[in-house]
Amino acid sequence: MKNWEVLLSVGRALGILTEGVATGGSTTTIVDSAIGGEDDDWNGGWSIVTYDAAGAAATPEGQGGVISDYVSSSGTLTVPTMTAVASGDHYAITTPLYPLNQIRAAINTALQNRNMWVATNDTSLTTAAAQTEYACPAAAKNSLRQVWIQGKLNDSNDNQW
């Protein structure tokens with residue numbers, strides 16, 4: 001999962017996002033005439049482009065940042081420089097009540113928590129016919145917590161554990 005996807009998931013889980021479809025934009029703006037609100041309502045909030053209308057998962061998907069200005073008459077959000085936003089791109093925004101740096105800090109704290117389990121793929125094992133036992137790679141040893149014994153056939157490399 002990409003960093004911006006984690007941020008988006010947290011925002012959705014907390015119910016702090018307003019999501020929409022851009023009616024236009026540029027390298028520094030997201031425009032949506034349907035956003036609503038008053039001038040400057042979104043200033044200090046943050047934005048993420050969540051879907052590239054071209055459908056290729058290309059930029060500006062995943063780009064965004066702190067909103068520096070909002071003009072309600074045109075539905076224009078001023079954002080940090082990114083790849084140009086186009087009509088049909090999807091976006092998510094928050095109010096300044098949830099500062100981007102605080103959300104990121106909370107996510108980083110959770111990820112650094114030693115009790116949190118993060119799945120990783122270990123591809124260092126090789127397989128062989130009629131063999132179900134292999135030496136555990138050093139990289140995987142620290143992530144193993146329990147071993148459940150399911151059977152024993154007294155075969156040195158195929159005990160059907």
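The first residue of the sequence shown is numbered 1, and numbering continues consecutively from there.
In terms of modelled atom types and a separation under 3.5 Å, the side chain of Thr29 and the main chain of Val31 share no donor-acceptor contact. Under a 3.5 Å cut-off, the side chain of Glu61 and the backbone N or O of Ala58 do not form any donor-acceptor pair. Looking only at distances, a side-chain donor or acceptor of Thr94 sits under 3.5 Å from a matching main-chain atom of Trp46. At distances below 3.5 Å, at least one donor-acceptor pair connects side-chain atoms of Asp89 with backbone N or O atoms of Ala53. Judged purely by atom type and a 3.5 angstrom limit, Asp41 has no side-chain atom pairing as donor or acceptor with the backbone of Tyr70.
The two atoms that bring Gly37 and Ser72 nearest to each other are O-CB, 3.2 Å, heavy atoms only. What you find for Tyr98 and Ile103 is that their closest heavy atoms are O-CG1, 4.2 Å. Here the shortest heavy-atom pairing between Val85 and Gly24 reads CG1-O, 3.8 Å.
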side-chain contact (heavy atoms from CB on, under 4.5 Å) between Leu77 and Asp69, intermediate numbers included = CA-CA 6 Å; Leu77 300 154; Asp69 192 32; over 6 Å; no
After noting the C-alpha distance and the side-chain angles of Ile93 and Ile48, does the key distance pass the side-chain contact (heavy atoms from CB on, under 4.5 Å) rule?
-> CA-CA 7 Å; Ile93 56 176; Ile48 301 172; over 6 Å; no
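Hydrophobic clustering (side-chain heavy atoms under 4.5 Å, transitive across Ile, Leu, Val, Met, Phe, Trp, Tyr) groups Trp4 together with Leu14. A continuous path of Ile, Leu, Val, Met, Phe, Trp and Tyr side chains, each step under 4.5 Å between heavy atoms, connects Val66 with Val10, placing both in one hydrophobic cluster.
Side-chain contact of Asp32 with Tyr91: a donor-acceptor pair under 3.5 Å is present, judged by distance alone.
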